[in-house]
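Taking it in order: structure first as structure tokens, then the write-up.
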Amino acid sequence: MKKIYRPDEIEPKWQKKWETDKIYQVKDTTDKKKFYCLDMFPYPSGAGLHVGHVEGYTATDVYSRYMRASGYNVLHPMGWDAFGLPAENYAIKEKIHPKETTQKAIEKFKSQIKRTGLSYDWSREIDTSSPEYYKWTQWLFLLLFKNGLAYRKKAPVNWCPSCRTVLANEQVIKSEDKNVCERCGTEVVKKELEQWFFKITEYADRLLQDLSKIDWPQSTKQGQRNWIGRSDGAIISFKIDGSSEFVEVFTTRADTLFGATYLVLSPEHPAVLKVTKKEYAKEVEKYKEGAAKKSEIQRSAVEKEKSGVFTGSYAINPANDEKIPVWIADYVLMGYGTGAIMAVPAHDERDYLFAVKYKLPIKKVIKKEGNDSEVVYCDEEGVLENSGKYNGLNSELAREKIVRDLEKEGNARSEVTYKLRDWLISRQRYWGAPIPIIYCPHCAHFEDEGGCCGGECGCDHGGSCEGCYDTTEIDGVRYAIVPVPVEDLPVKLPVDVDFKPTGESPLMRSKDFQANVKCPKCGAIKGVKREVDTMDTFVDSSWYFFRFCDPHNDKEFASKEKMQKFLPVDMYMGGAEHTVLHLLYSRFLTKVLFDLGFTHFDEPFMKLRHQGLVLAGDSQKMSKRWGNIINPDDVISAFGADTMRTYEMFIGPIEATKAWSTQGVEGVRRFYNRVWSLSLDAIERGLKVSEKNVLKMVHKLIKKVGSDIEELKFNTAVSAMMEFSNFWKENKDLVGLDSLKLFVEVMAPFAPHIAEEIWEMAGEKYSVTTASWPEYDDGLIAEDEVTVVVSVNGKVRDRVKFTLGEIKDKELVKSRVLSSEKMREIISARNVKDFIYVEGKIVNIVLE
RNA sequence: GCCGGGAUGGCGGAAUGGCAGACGCGAUGGGCUUAGAACCCAUUGGGGUUUCAAAAACCCCGUGGGAGUUCAAAUCUCCCUCCCGGCACCA
């Protein structure tokens with residue numbers, strides 16, 4: 001009786017052995033070439049792993065196993081993005097501490113990952129919610145703070161009323177024309193609050209430029225470009241008539257300056273008060289109030305109805321001294337450019353609509369060819385008209401010239417603006433890393449006195465520092481912002497906290513956290529407070545890939561030596577939803593660390609790929625609501641981990657959206673059943689050396705699977721293995737143990753368990769997972785006979801066989817092809833106009 | 001509106017200038033079986049010609065639609081349609 005393929009028996013058996021033998025532990029003391037293969041680490045939720053995770057993780061696992069077998073020292077770690085709102089929200093609902101639920105979720109994820117047979121080095125596991133980790137998150141914060149890249153600022157920020165916390169711009173998403181919280185879908189509101197920011201805008205240009213250095217999907221790069229939103233233009237000053245005030249506008253179309261027929265200020269613009277004439281004050285004030293009440297959403301309503309009011313003032317166009325009215329309107333946003341624009345209704349759609357509504361003049365300054373009677377506005381570039389001495393120039397030239405001319409009078413300068421805003425990292429929530437800052441009311445006096453403490457505070461400004469401490473006002477009291485000394489880190493997150501969100505940070509209510517806080521500078525205790533906000537969890541996840549190199553270091557976030565050994569990440573796999581969140585923040589922090597001399601690289605992820613969505617069998621998104629979730633545990637129980645892994649690789653290209661098919665899974669299982677029985681058969685036969693044709697096929701397979709894995713074309717790699725098994729089935733008695741061994745080595749990255757079992761049954765030495773990738777023999781692969789396809793006028797008509805020597809000889813090929821009976825018949829009396837021969841491939845005979 | 005990615009049998013997909021539909025699923029017919037499952041074998045893009053019929057051979061059409069480049073186009077270029085994703089009053 002032959003042994004039956006039982007994945008439920010062999011898989012746990014080998015998993016246990018591999019774990020005991022620590023077979024996947026990566027050494028940092030080896031001269032092998034490094035390869036860092038990383039998955040986006042998961043947020044451990046109670047729901048456990050889903051098949052989407054499995055897809056990405058299997059892809060990197062196959063890749064890692066292949067690279068390991070190819071002689072690389074592969075760092076392939078896993079960890080947990082464990083801080084965050086869902087755990088906290090769940091904790092509030094179920095009254096269980098987030099630490100507990102998170103630990104449970106981690107255990108579940110880990111066991112599921114282990115059941116899948118993924119080859120992670122668990123000795124490097126990290127957990128962002130552990131003090132050993134967040135100590136370094138806090139250290140990073142202090143590093144940014146000390147270098148002027150973390151600062152406190154009062155600003156209108158996004159507030160999620162349901163999560164009761166502020167959010168970064170990147171965490172606010174559009175949904176049905178509403179701005180909603182990325183986490184919970186609640187509509188966000190604007191609040192004026194003082195918060196902590198990271199100065200990511202300082203890196204805007206480099207974040208844009210360096211995209212050219214990295215191998216990322218086009219769409220992701222483009223997404224970052226859009227988000228950074230660089231726009232090259234000019235700032236032009238308009239004098240207010242009868243006043244000493246100037247208003248600066250930002251424009252990318254300085255060439256249309258002569259067409260500016262009015263000026264618009266954003267309602268929040270500080271100059272509004274100064275330019276508004278008495279008679280108009282009431283109207284303006286009313287409009288401002290109305291605009292302030294309107295949410296962002298209403299202001300950017302779909303119909304885009306324009307509204308505004310006249311201020312009573314006029315501005316003088318610096319190009320031609322024309323007087324143009326100054327309006328305020330909410331279609332001009334304070335947050336972009338200078339918060340003021342010159343309106344050119346002839347060449348901008350929004351200005352056009354506004355001008356029509358309020359009967360403002362429209363002046364054409366770009367010539368339009370052809371019929372322009374129908375065209376109401378045209379934003380294309382062209383040749384200037386009605387523009388004085390600039391007439392006849394094209395837009396590009398005119399723009400340069402106009403700005404240069406105005407610059408001489410001090411009325412213009414070239415300017416680059418960005419859509420990117422600084423990263424708001426404060427969160428009024430419990431389950432995150434505390435911001436390591438202390439507020440001291442005693443140290444605040446230095447700034448009051450207007451001079452420097454003279455070094456007393458430890459500052460190096462040497463006599464004239466402008467407030468060696470920045471200060472902030474909390475509840476009417478002025479505090480100095482004092483960083484926690486690095487040696488006092490971590491600022492531990494207290495466990496015993498009422499973490500119910502009230503809009504006030506839960507840490508405020510922790511007695512432990514606030515008890516006996518000593519100012520690190522002056523030593524005072526009375527009135528000294530800790531910062532009670534925690535950091536955005538995206539701060540945790542923006543540097544975790546550093547920590548994997550050196551996860552247990554308690555002196556540094558990672559040692560230079562270890563970083564040299566593994567970083568940067570060579571291959572990074574994860575979902576596309578992180579285009580402007582995690583992936584942008586990580587690049588930013590890497591550049592900061594590079595600039596400050598901590599790292600040797602300034603881009604963290606050299607190659608990035610996104611695994612596509614796995615949809616349910618009904619082509620819907622998997623969701624609890626539809627009850628169509630495929631659980632990896634069930635798939636493993638029914639078919640085995642090897643089948644699940646291979647199926648997910650086979651289903652389609654890694655980046656494509658694909659639908660799950662249980663019948664498809666069964667097909668892969670059939671494949672392994674067949675491989676199993678064919679292997680037993682080959683072992684029983686015990687043929688030592690395979691027939692030549694078999695060897696040719698197996699060597700072809702090695703080549704194909706290897707190159708497919710390198711190109712991440714896992715689906716065609718699997719189909720190549722299937723093709724081989726079909727060939728094998730038809731040539732059972734010709735397949736020897738030598739071929740079996742090679743086939744198992746090729747299969748191992750996809751299906752390590754069955755590979756290990758067959759490997760053992762075939763009498764090979766443990767373990768196939770440490771065997772090296774077989775080399776293929778080009779000589780064996782080479783065909784000794786080549787079939788050349790013969791087409792006539794592009795249509796296939798015949799096939800002729802040639803030997804390897806013959807195919808090089810065009811004349812011989814030609815005469816042989818033309819003399820075949822079939823060709824003579826087809827050609828008959830017609831003339832051969834041309835004879836094209838692609839060596840060893842195809843012939844095309846062109847007939848008249 | 002702007003940007004990015006797509007459209008190939010009944011389905012997932014393969015082929016990146018040179019034999020369209022690899023591989024898998026499904027379907028149909030057959031074998032095995034008391035029966036079913038499993039398994040095994042065969043067929044499987046559409047249309048046509050030859051034939052009593054079948055096998056087989058051959059021919060034509062065919063990669064969202066239209067044009068173009070080329071000896072040769074699913075693949076390159078232009079135009080159009082539709083689908084997916086991102087951004088969007090960004091001056």
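Here the structure is a predicted model, which is why all the values come from computation and not from measurement. Just so we're on the same page: letters track the sequence lines, and every chain starts at 1.
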Touch class at under 4.0 angstrom, heavy-atom based, for [X] against every strand present:
X	value
D348(A)	nothing
I836(A)	base
R674(A)	sugar-phosphate
G229(A)	nothing
P217(A)	nothing
V846(A)	sugar-phosphate
R797(A)	sugar-phosphate
T657(A)	sugar-phosphate
N673(A)	nothing
R799(A)	base

Shortest non-hydrogen contact between T646(A) and A751(A), atoms and distance =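 Scanning both residues, the minimum pair turns out to be OG1-CB, 4.3 Å.
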Interface with RNA chain B, restricted to residues 713-722 of chain A and to heavy atoms under 4.0 Å | K713(A), N715(A), T716(A), S719(A), M722(A)
Of the nucleotides [options], which one has an atom closest to the side chain of [X]?
X	options	result
R670(A)	C23(B), G26(B), A72(B)	G26(B)
V789(A)	A14(B), C19(B), A91(B)	C19(B)
K841(A)	C61(B), G5(B), G18(B)	G18(B)
W227(A)	A72(B), A14(B), C87(B)	C87(B)
Q663(A)	C25(B), G4(B), G18(B)	C25(B)

When syn is taken as a glycosidic angle within 90 degrees of 0, is G46(B) syn or anti?
-> anti
Basic-acidic side-chain contact under 4.0 Å: [X], [Y]:
X	Y	value
K306(A)	D330(A)	no
K810(A)	E839(A)	no
E415(A)	R413(A)	yes

Quick one: are the ring centres of W660(A) and Y647(A) less than 6.0 Å apart?
->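 Yes, the ring of W660(A) comes within the 6.0 Å limit of the ring of Y647(A), centre to centre.
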Sole candidate of F354(A), Y358(A), Y352(A) that passes ring pair (Phe, Tyr, Trp, His ring centres under 6.0 Å) when paired with Y262(A) | F354(A)
Taking only the [atom1] atom of each, what is the distance from [N] to [M] in whole angstrom?
N	M	atom1	answer
A37(B)	G31(B)	C1'	16 Å
C79(B)	A20(B)	C1'	25 Å
C61(B)	G6(B)	P	29 Å

According to a strict under-4.0 Å criterion, is N726(A) in side-chain N/O contact with OP1 or OP2 of A22(B)?
-> no
Among L680(A), V675(A), D642(A), which residue meets the side-chain contact (heavy atoms from CB on, under 4.5 Å) test with Y5(A)?
-> D642(A)
Any N/O donor-acceptor pair, K833(A) side-chain to C71(B) base, under 3.5 Å | no
After noting the C-alpha distance and the side-chain angles of F246(A) and F238(A), does the key distance pass the ring pair (Phe, Tyr, Trp, His ring centres under 6.0 Å) rule?
-> CA-CA 5 Å; F246(A) 279 86; F238(A) 284 69; 9.8 Å; no
Watson-Crick and G-U pairing of RNA chain B written in dot-bracket, each distance under 3.5 angstrom, with | for inter-strand partners | (((((((..(((.....[....)))((((((.......))))))((((((.....))))))..(((((..]....))))))))))))....
Residue closer to the 5' end of RNA chain B, T220(A) versus I842(A) (nearest nucleotide) | T220(A)
